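Take a look at the structure below.
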Amino acid sequence: MIEMYPYGAAAHHVAKMLRAESFPLSREDLANRYGDRPIKVSKDEVVPFRTLLGRMGLDRYETAVSFYAALNAAL
């Protein structure tokens with residue numbers, strides 16, 4: 001059986017978008033700065049970054065590792 005993995009390009013584009021940021025960051029800060037940016041989450045679906053943040057669930061990300069772990073789980 002083939003395992004399903006998150007759409008890799010989505011995490012890549014988020015990482016590029018956030019490359020100048022330093023953690024910790026709050027969900028509110030991220031939404032204010034990048035919330036309207038479109039992120040392609042599958043071959044056929046594009047959502048605003050704000051939507052991904054809503055799926056991630058935490059209000060604050062202390063490290064980049066915690067942020068990207070939550071992002072991958074949401075994808």
Side-chain angles (χ1 to χ4, degrees):
M1 181 173 153
I2 298 174
E3 293 183 48
M4 296 301 293
Y5 291 96
Y7 187 70
H12 171 75
H13 291 296
V14 171
K16 283 178 61 177
M17 180 176 71
L18 300 181
R19 69 184 170 268
E21 295 294 340
S22 297
F23 287 85
L25 288 169
S26 70
R27 182 183 353 185
E28 182 179 353
D29 288 339
L30 290 166
N32 288 338
R33 293 179 196 160
Y34 305 103
D36 295 329
R37 297 232 183 135
I39 303 293
K40 187 168 185 170
V41 295
S42 73
K43 183 180 175 187
D44 302 316
E45 183 183 11
V46 176
V47 298
F49 182 59
R50 182 179 321 280
T51 300
L52 284 180
L53 287 171
R55 294 178 189 171
M56 292 167 60
L58 295 176
D59 289 327
R60 184 172 172 82
Y61 299 94
E62 297 298 325
T63 65
V65 172
S66 66
F67 174 81
Y68 289 107
L71 175 64
N72 284 328
L75 292 172

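Only a predicted model underlies this, so the values are computations on that prediction, with no experimental measurement involved.
A distance of 9.0 Å separates CG of Asn72 from CE of Met56, quoted to the nearest 0.5 Å. In this structure, the separation between CG on Leu75 and CD1 on Ile39 is 9.5 Å, given to the nearest 0.5 Å. Once rounded to the nearest 0.5 Å, the distance linking CE of Met17 with CG of Leu30 reads 7.5 Å. Put simply, CG on Asp29 and CG on Leu53 are 10.5 Å apart, with the number rounded to the nearest 0.5 Å.
Judged as a salt bridge (Lys or Arg N to Asp or Glu O under 4.0 Å), the pairs with a partner in residues 53-70 (not counting sequence neighbours) are, in order, Arg27-Asp59, Glu45-Arg55, Arg60-Glu62. Residue pairs satisfying the salt bridge (Lys or Arg N to Asp or Glu O under 4.0 Å) criterion with at least one member in residues 15-24, sequence neighbours excluded, are listed as follows: Glu21-Arg33.
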Practice problem: Show your reasoning for whether side-chain contact (heavy atoms from CB on, under 4.5 Å) applies to Tyr68 and Val14. | Solution: CA-CA 9 Å; Tyr68 289 107; Val14 171; 4.2 Å; yes
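Using a 30° and 60° split on the angle between ring planes, Tyr34 and Phe49 fall in the perpendicular class, above 60°. Classified by interplanar angle (parallel below 30°, tilted 30° to 60°, perpendicular above 60°), the ring pair Tyr61/Phe67 is perpendicular.
Minimum interatomic distance between Pro48 and Gly35 (heavy atoms only, all atoms of both residues): CB-O, 3.5 Å.
There is no path of hydrophobic side-chain contacts, each under 4.5 Å, that joins Leu71 to Val46.
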